Amino acid sequence: MPELPEVEMVRRYLVATSLHQTIKDAKVLDRRILSGSSAEHLEQILTGQQFHSVYRHGKRLFLKLNEDLYLAIHLGLTGDLVYLQASEEEPHHTRLLIAFENGHRLAFDDPRIFGEVGLTGSPQSFLEVRRIGPDAMQVGKEDFLKIMRGRKGVIKSALLNQSLVAGLGNLYADEALFHAGICPKSRSLDEAQLSDLYFSIQLTLSTAIKSHADLSKLPDSFLLPHRHPGGRCPQDGEALRHEMIGGRTSYYCPKHQKMA
DNA sequence: AGTACCACCTGACGGC
DNA sequence: TGCCGTCAGGTGGTAC
């Protein structure tokens, strides 16, 4: 599920549902989602607190408990947060369940358990320790150029590297390269190509968010609606190519995505 | 610095 | 129906 646009949707969902309610109790249902704190500690810390705000950086979410304590959440590949009415049943793969005093609950559902939940004193220190780069939608063009300039590896791998720029995943990296007309296997792009790529990333992510991160609502001129075996490039009708690049399945148009 | 692989997990899907 | 291999929008570690 989650790359930057999906995580941003979850952030807005949390703002709309889960803030300013006192937590009655919290239950860790599967310890494998925990990082850095024990189930007992996390449950005890959460009880009696409220979430005051939600901050997103790349694919990471930080729910503020107080000035120097945040619940850090990563959704992994299959994670989701679901706010439940009192009568509603929790999702099948709920790994963390937070019950509010008003009877509603917030469930962290994650079938594959690639997600992660922990506590941190501040998002800044968390991001520093994890060596996570600037958010893909916040980074300025000059900083982006500085980060990407002079790299020797394939560009798609660089886009997926969260320590360079945070937020792009396999699908939106393909999408951004598609709009920039750059083959994902390209190495050492020139300034003009990096600049094109920067604006393509902004276009891709902002359009995805406007489409509520619903792939079926993206413009037909985007790659993603056509990103499947047998799909054709919406720009020039060419059969899309797909292959493993940097260990991930990648789709691109061999006609207009040029090798740098 | 870059890459190739492995590992962590489960569910869905296609082929036989 | 049922088993099996394969694949999946993520990340971290290791070894070269």
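Everything quoted here is computed from the prediction, not taken from an experiment. Order of the sequence lines sets the chain letters (A, B, ...), proteins ahead of strands, with each chain counted from 1.
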Q: List, by chain and then residue number, the residues other than A/Phe126 in its hydrophobic cluster (Ile/Leu/Val/Met/Phe/Trp/Tyr, side-chain heavy atoms under 4.5 Å); write none if there are no others.
A: A/Tyr55, A/Phe62, A/Tyr70, A/Leu127, A/Ile132
Atom pairs under 3.5 Å, N or O on each side, protein against nucleotides 14-16 of chain B: can you list them with distances?
none

Q. Atom CG of A/Asp109 and atom P of B/dT10: how far apart are they, to the nearest Å?
A. 13 Å
Q) Which residues pass the side chain to side chain contact (heavy atoms under 4.5 Å, CB included) test with A/Lys27, sequence neighbours left out? A) A/Leu29, A/Glu43
Q | Nucleotide nearest A/Thr249 when distance is taken to its side chain, options C/dA8, B/dA1, B/dT10 | A | C/dA8
Q) Which residues pass the side-chain hydrogen bond (donor to acceptor under 3.5 Å, both in side chains) test with A/Lys217, sequence neighbours left out? A) A/Asp214
**Q.** Hydrophobic cluster of A/Leu160, others only, ordered by chain and residue number, side-chain cut-off 4.5 Å
**A.** none
**Q.** Any A/Arg60 side-chain N or O less than 4.0 Å from OP1/OP2 of C/dG10
**A.** no
Q.
Quick test of your reading: applying salt bridge (Lys or Arg N to Asp or Glu O under 4.0 Å), list the pairs with at least one residue in residues 178-195 of chain A, sequence neighbours left out, ordered by first then second residue.
A. A/Arg149-A/Glu191, A/Lys185-A/Glu243
**Q.** Interatomic distance where NE2 belongs to A/His242 and P belongs to C/dC7 [whole Å]
**A.** 11 Å
Q) Can you tell me how far P of B/dC6 sits from CZ of A/Arg248, to the nearest Å? A) 16 Å
Q) In terms of ring plane angle, is the pair A/His52 and A/His20 parallel, tilted or perpendicular, where the classes change at 30° and 60°? A) tilted
Polar atom pairs between nucleotides 3-5 of chain B and protein, under 3.5 Å, N or O only, would you list them?
from	atom 1	to	atom 2	distance (Å)
B/dT3	OP1	A/Val154	N	3.4
B/dT3	OP1	A/Arg187	NH1	2.9
B/dT3	OP1	A/Arg187	NH2	3.1

Q.
Suppose the criterion is ring pair (Phe, Tyr, Trp, His ring centres under 6.0 Å): which pairs have a residue in residues 145-193 of chain A, not counting sequence neighbours?
A. A/Phe178-A/His256, A/His179-A/Phe222
Q) Does the side chain of A/Met9 reach to within under 4.5 Å of the side chain of A/Glu6, using non-hydrogen atoms? A) no
Q: Compare side-chain N and O positions of A/Gln162 against OP1 and OP2 of C/dT11 and report whether any pair is under 4.0 Å apart.
A: yes
Q | A/Asp80: which of A/Val10, A/Asp110, A/Thr94 passes side-chain contact (heavy atoms from CB on, under 4.5 Å) | A | A/Val10
(Q) Just the rounded figure in Å: distance from P of C/dC7 to CD of A/Glu243. (A) 15 Å
Q: Quickly work out the A/Asp30 CG to B/dT10 P distance and round it to whole Å.
A: 8 Å
(Q) Taking only the P atom of each, what is the distance from C/dT6 to B/dC5 in whole angstrom? (A) 15 Å
Q. Listed in order of residue number, which residues of residues 111-132 of chain A have a non-hydrogen atom at under 4.0 Å from DNA chain B?
A. A/Pro111, A/Arg112, A/Phe114
Q) Under 3.5 Å, is there a donor-acceptor pair between the A/Gln21 and A/Tyr83 side chains? A) yes
(Q) Measure CG/A/Leu159 against P/C/dG10 and give the value in whole Å, please. (A) 12 Å
Q: With pairs defined as Watson-Crick or G-U wobble and both distances under 3.5 angstrom, please note down DNA chain C as a dot-bracket string, | for pairing with another strand.
A: .|||||||.|||||||
Q | Nearest-Å distance for atom pair CG/C1', residues A/Leu75 and B/dC9 | A | 16 Å
Q: Step by step, work out the side chain to side chain contact (heavy atoms under 4.5 Å, CB included) result for A/Phe51 and A/Ile23.
A: CA-CA 9 Å; A/Phe51 297 124; A/Ile23 296 169; 3.9 Å; yes
Q) How would you list, by chain and number, every residue that makes a ring-ring contact (aromatic ring centres under 6.0 Å, His included) with A/His93, sequence neighbours excluded? A) none
(Q) On a heavy-atom basis, which atom in A/Arg112 and which in A/Thr78 lie closest, and how many Å separate them? (A) N-OG1, 3.0 Å
Q: Report yes if at least one side-chain N or O of A/His93 is closer than 4.0 Å to OP1 or OP2 of B/dC9; otherwise report no.
A: no
Q) Could you state the CG-P distance from A/Leu77 to B/dA12, rounded to the nearest angstrom? A) 14 Å
Q. Between B/dC9 and C/dC3, how far is it from one P atom to the other, in whole Å?
A. 24 Å
Q: Could you tell me whether the phosphate oxygens of C/dT11, OP1 or OP2, come under 4.0 Å of any side-chain nitrogen or oxygen in A/His74?
A: yes
Q: Output all residues satisfying salt bridge (Lys or Arg N to Asp or Glu O under 4.0 Å) with A/Glu238, sequence neighbours left out; order by chain, then residue number.
A: none
Q. Just wondering, do A/Asn66 and A/Gln49 contact through their side chains at under 4.5 Å, heavy atoms?
A. yes
